Protein chains: 2
Amino acid sequence: MKIGELAARTGCQPVTIRYYEQAGLLPVPPRSEGNYRVYTRAHEERLLFIRNCRALDMSLEEIRQLLDYQDNPSGDCSEINALVEAHIEHVSSRIKVLQQLQDKLVALRQRCTGAEPSCSILQELTAGEPHVSQDSDSHVGHSH
Amino acid sequence: MKIGELAARTGCQPVTIRYYEQAGLLPVPPRSEGNYRVYTRAHEERLLFIRNCRALDMSLEEIRQLLDYQDNPSGDCSEINALVEAHIEHVSSRIKVLQQLQDKLVALRQRCTGAEPSCSILQELTAGEPHVSQDSDSHVGHSH
DNA sequence: TAAACACCCTATAGTGGCTATAGAGTCAAG
DNA sequence: CTTGACTCTATAGCCACTATAGGGTGTTTA
Ligand SMILES: [Zn+2]
Ligand SMILES: [Zn+2]
Ligand SMILES: [Zn+2]
Ligand SMILES: [Zn+2]
């Protein structure tokens with residue numbers, strides 16, 4: 001299987017596959033005579049694993065850990081559980097922050113009556129309120 | 001006011017202030033004899049505006065737009081309202097995605113009984129389900 | 001006067017998870 | 001034998017910063 005077919009099978013672009021190889025998540029595949037990467041079902045499974053994890057917004061580092069547990073099974077689920085638990089916390093704490101932002105944004109939208117000399121939204125944003133910084137220990141990302 | 005004081009007043013690092021200048025969000029300030037940037041209250045207000053917007057997770061591009069409306073007031077709130085509305089949509093769509101991920105993650109955690117030969121969590125992640133890609137038109141970021 | 005120290009300057013590279021581009025090679029079909 | 005689809009490598013860009021190196025400035029203290 002060449003990279004294009006693997007990409008089509010996994011819903012993933014060839015460049016991304018090469019990137020995962022570079023990042024040490026996918027094992028380096030053998031090459032054909034013409035220097036093309038040649039993949040097997042094992043690669044496909046592993047890539048699907050990665051894509052499933054990415055679809056859950058795990059970081060590549062978290063995925064690296066899970067793959068490591070998979071490659072060196074210890075019969076102990078506790079580390080896997082801890083990782084999943086930690087990632088649930090990443091996601092849920094990000095949700096909380098975003099919900100607070102949403103509340104503030106809705107309140108901000110409310111401020112505009114359309115009848116002011118200068119829009120109240122801009123005035124509100126100019127006001128120097130105690131600004132709450134976003135927590136940076138969570139890795140679950142931004143809205144843009 | 002030198003950059004350190006401005007940074008302290010706005011809860012923002014000096015490097016970030018220079019970055020905003022470079023990015024065209026803060027006007028280039030005059031320099032002192034010793035080539036230090038010298039800021040005024042006007043700079044402080046503008047930087048507070050930017051930080052307030054960033055605290056709401058707006059992108060620098062969105063902030064650029066708002067600053068532009070502020071610098072060229074048209075008496076028309078509709079563009080400002082549209083921008084805020086669009087950003088609320090960025091945030092809320094990100095929240096929806098993350099809530100779905102959270103549900104899946106909780107279900108995933110549930111799978112581990114601690115009694116399997118190989119952890120069911122890894123098996124579930126290996127399974128090649130139809131993977132739902134995250135929408136990429138929203139700019140509100142990731143959990144990590 | 002000199003040394004220490006806090007602050008400031010520029011320039012460059014790194015972060016994460018890709019995407020985009022340039023320039024070249026491979027391979028099957030017409 | 002040329003076209004076209006695919007592949008290769010290497011490099012740069014995206015966002016909003018953060019980190020580092022290597023130097024200059026300015027005040028305080030020994
Ligand atoms: Zn995580
Ligand atoms: Zn208004
Ligand atoms: Zn937005
Ligand atoms: Zn288990």
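Remember, it's a predicted structure, so these values are computed and weren't measured experimentally. Order of the sequence lines fixes the chain letters, A, B, ..., with proteins taken first and strands second; residue numbering starts at 1 for each chain.
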Rounded distance [0.5 Å steps], CG in B/Leu105 versus CD1 in B/Ile121: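 Going from the CG atom of B/Leu105 to the CD1 atom of B/Ile121 covers 10.0 Å.
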What is the separation between atom [atom1] on [X] and atom [atom2] on [N], rounded to the nearest whole Å?
X: B/Ile3; N: D/dG26; atom1: CD1; atom2: P; result: 16 Å
X: A/Tyr19; N: D/dC14; atom1: OH; atom2: C1'; result: 13 Å
X: A/Glu5; N: D/dA5; atom1: CD; atom2: P; result: 19 Å
X: B/Glu62; N: D/dC15; atom1: CD; atom2: P; result: 12 Å
X: B/His90; N: D/dC15; atom1: NE2; atom2: P; result: 14 Å
X: A/Asn35; N: D/dC6; atom1: CG; atom2: P; result: 19 Å

Which pair of heavy atoms, one from A/Leu6 and one from A/Glu44, lies closest together, and at what distance?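 Taking A/Leu6 first and A/Glu44 second, the nearest heavy atoms are CD1-CA, 3.7 Å.
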Grab the two heavy atoms, one from A/Arg54 and one from A/Leu60, that are nearest each other, plus how far apart they are.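 Shortest heavy-atom contact: CD-CD2, 3.6 Å.
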Can B/Ser74 and B/Glu79 be counted as having a side-chain donor-acceptor contact under 3.5 angstrom?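 Side chains of B/Ser74 and B/Glu79: no pair found under 3.5 Å.
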Donor-acceptor pairs under 3.5 angstrom involving side-chain atoms of residues 11-24 of chain A: please list them, not counting sequence neighbours.
{"unit_1": "A/Tyr20", "atom_1": "OH", "unit_2": "A/Arg51", "atom_2": "NH1", "d": "2.7"}
{"unit_1": "A/Glu21", "atom_1": "OE1", "unit_2": "A/Arg37", "atom_2": "NE", "d": "2.8"}

Between N or O atoms, less than 3.5 Å apart, protein on one side and nucleotides 22-24 of chain D on the other: list the pairs.
{"unit_1": "D/dG24", "atom_1": "N2", "unit_2": "B/Tyr36", "atom_2": "OH", "d": "2.9"}

A/Asp57/B/Arg94 salt bridge by N-O under 4.0 Å criterion: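 Yes.
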Mind checking if A/Ser32 touches a base, just sugar-phosphate, or nothing, with heavy atoms under 4.0 Å?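 Here A/Ser32 touches no strand at all.
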Counting the atoms with a prime plus P, OP1 and OP2 as sugar-phosphate, which does B/Arg37 contact under 4.0 Å by heavy atoms, base, sugar-phosphate, or nothing?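 If one applies the 4.0 Å heavy-atom cut-off, B/Arg37 turns out to touch the sugar-phosphate alone, with no base involved.
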Can you figure out which of D/dT18, D/dC17, D/dC8 approaches the side chain of B/Tyr20 most closely?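 Closest of the options to the side chain of B/Tyr20: D/dC17.
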B/Pro14 or A/Lys2, whichever maps to the more 5' nucleotide of DNA chain C: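 Closer to the 5' end of DNA chain C: B/Pro14.
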Chain B footprint on DNA chain C, 5' to 3' - any atom under 4.0 Å from a heavy atom: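 Endpoints of the contacted stretch of DNA chain C: C/dC7 to C/dT10.
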